[in-house]
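Scroll down for the structure; my scribbles are underneath it.
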There are 2 protein chains.
Amino acid sequence: MDGGRISTDDGVDATPETGGRPMRADAVKNRQRILDAAAEVFASEGVSVPIDAVAARAGVGVGTLYRHFPTKEALFEAIVLTKLIDLADAARAGAGASDPGQAFFAFVQLMAAEATMKRDLFDALDAAGIDFKSRCADGVEALQAGITTLLGRAVAVGAVRDDVDAGEVVALIIGACHAAESIGGNAESVQRLVGVVCGGLRRSAEAL
Amino acid sequence: MDGGRISTDDGVDATPETGGRPMRADAVKNRQRILDAAAEVFASEGVSVPIDAVAARAGVGVGTLYRHFPTKEALFEAIVLTKLIDLADAARAGAGASDPGQAFFAFVQLMAAEATMKRDLFDALDAAGIDFKSRCADGVEALQAGITTLLGRAVAVGAVRDDVDAGEVVALIIGACHAAESIGGNAESVQRLVGVVCGGLRRSAEAL
DNA sequence: TGACAAACGGAACCTTCGTTCCGTATAGTG
DNA sequence: CACTATACGGAACGAAGGTTCCGTTTGTCA
C-alpha cells in the first residue's frame, strides 16, 4: 500500500533497460508488480520472508523476479532506499520551521510511525551498523544529514540536549519501536514509548 | 564466562535424571559442559549460531547434546531462564533500599549491562512478546514482578513518571541496548543511551 | 572381572531458502 | 502473418542448519 516508485528517469540505476533497447511492456509491468508486492510483504512480514512469497504475491515466477533483481538483497535495497529518501525529504522539509524544537520532535514521531508500520524499514535501520549502511549509503547519508540539521537547530534553541548525535537519535527511536513491538505494540503504545525517549532527549540529565 | 548453574536440587525440571535412576557420572559432566559452552556461545554470537558450534565448543557430539536437550530451543531456555531469575533476584534485592529512585535506576543500568554483554538474554527479552514469554514464564514473571516492585516504589517517591509499567520499562531498556549495538556499541555508549531513556522515565513529560 | 544398560559420536536425513537453468510463451517488428 | 529477441515460469540445484539413528564406547554393579 504505497507503490514503490523508483527513480526511473533515464535508467542508470535499477535495471530499467538492458543495454540500450527499451524494456518490453510486460516486463515493465512485472517489474512494478514485483516492487509493489515486495513493499507489502517486506513491510508486513519483515525481511526474512522467503523470496518465493514475494514472487507469489506479485503473481510471477521466481525466475522473473531474479531477472529484474539479481539478488534478494538488491530487491530489498531498491525498496528501502526510496523510503529512506522519503524520510530524508521530510527531514529537509522540517528544517525551515519556525520552531526547531517542535520540528525535531515531530519528525521523530513521523519516523517512528513509519518504521513501526513497515518492518522492512525497521529491520534496515536496525541493521544500519552492520553492512547495510554501505549499500544504501545514499539514503542513509541523506537521512543522517537531514536529521543532523533538525537536531542542530533544536539543540541551538535549547530544546534538546547537546550530547547526542543524529545516529544515536535514529538508534534510540528504532529501539523504542522495537520496544513497542515486543509489547502489544499498537500505534498508540509506539507513540507513548517514543514520547518517553523524547522526554529523555529534552535538555540535560543528571549523569546517574 | 559465567557457568550456567541450574536448580538441580532434586530434579523436577531440566532432565537431571531419566525415570528414577541417578545419572551416570560422565553424563552429568557433559550436561554441565554443554550448558557452559552454550552460555558462552549464545552470549557472544547470539541465538542463531549453529547447534554444531555449541557441541564443538563443549567437546561433545551433537547426538549427546540432543540427548540432554531435545531441542535447540530447550537448551536456549535452560540457559536464559537462570539469567532471568538472577536478574529477578537482583531486583528483589534492591527493593529494600532506602532510596527507591536510585535503586530503580541502578537496577535499570544493571539490566542494560547484562543484556548488552550477553546477546542471548538480549534476544530472549527482545522476543519476549512473541512466544517466548510463555515458555520461560517463570523467569519472565519473576523479573516482571521484581521490576514492578522497584518501579512502584520509585513512582511513589516521585522519582519516576507514573504512566509506564514494568513491561514497558524492560522493553525500553532493551530497545536502548539495541540502539547502542547498532551504533558502535561499546559499554560506554550503552550507558549513555540508557541514560537518555532514564531521563525520559524521570517524572512527567509534556505529551508532545 | 564380566555383563548390560546408559551414554557417546557423528554420519545421514530432511527441510528451508536463495539462486540458476532451460524449455516455452509472447511482444514487437517488417 | 511470421520471425526473433525478450521475457516468463517453475523445476532443479546447492548450501545451511536442525534433528534422528545406530554402531561403538564406557560407567556401574554384582
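In what follows, every chain begins at residue 1, and chains take the letters A, B, ... in the order their sequences are listed. Just so it is clear, the model here is predicted, and its values are computed rather than measured.
- Checking C/dA7, D/dG9, D/dC8 against the side-chain heavy atoms of A/N30 singles out D/dC8 as nearest.
- Under 4.0 angstrom from either OP1 or OP2 of C/dC8 there lies at least one side-chain N or O belonging to B/H68.
- If B/I51 and A/G59 are placed on DNA chain D by their nearest nucleotide, the residue sitting closer to the 5' end is A/G59.
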Validation: residues 142-153 of chain B side-chain donor-acceptor distances under 3.5 Å, sequence neighbours left out:
unit_1 : atom_1 : unit_2 : atom_2 : d
B/T148 : OG1    : B/Q144 : O      : 2.7
B/T149 : OG1    : B/A145 : O      : 3.2
B/R153 : NE     : B/A95  : O      : 3.4
B/R153 : NH1    : B/A95  : O      : 3.1

Which donor-acceptor pairs under 3.5 Å do the side chains of residues 47-64 of chain B make with protein atoms, sequence neighbours left out?
unit_1 : atom_1 : unit_2 : atom_2 : d
B/R57  : NE     : B/E40  : OE1    : 3.1
B/R57  : NH2    : B/E40  : OE1    : 2.2

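- Of the candidates C/dG10, C/dC8, C/dG18, the closest approach to any side-chain atom of A/Y66 belongs to C/dG18.
- Taking 4.0 angstrom as the limit, B/R21 places a side-chain polar atom (N or O) nearer than this to OP1 or OP2 of C/dA6.
- Ion pairing of A/K29 with A/D26 is absent here, as no side-chain N (NZ or NE/NH1/NH2) approaches a carboxylate O to less than 4.0 Å.
- Taking side-chain N and O atoms only, B/T71 has no distance below 4.0 Å to OP1 or OP2 of D/dG18.
- B/V169 is listed as a side-chain neighbour of B/F104, based on a closest heavy-atom distance under 4.5 Å.
- Looking at which nucleotide of DNA chain D each of A/L65 and B/P50 is closest to, the 5′-most match is held by A/L65.
- Put simply, the side chain of B/R24 and the base of C/dA6 share a donor and an acceptor less than 3.5 Å apart.
- Considering only side-chain N and O atoms, B/T64 lies under 4.0 angstrom from the phosphate OP1 or OP2 of C/dG9.
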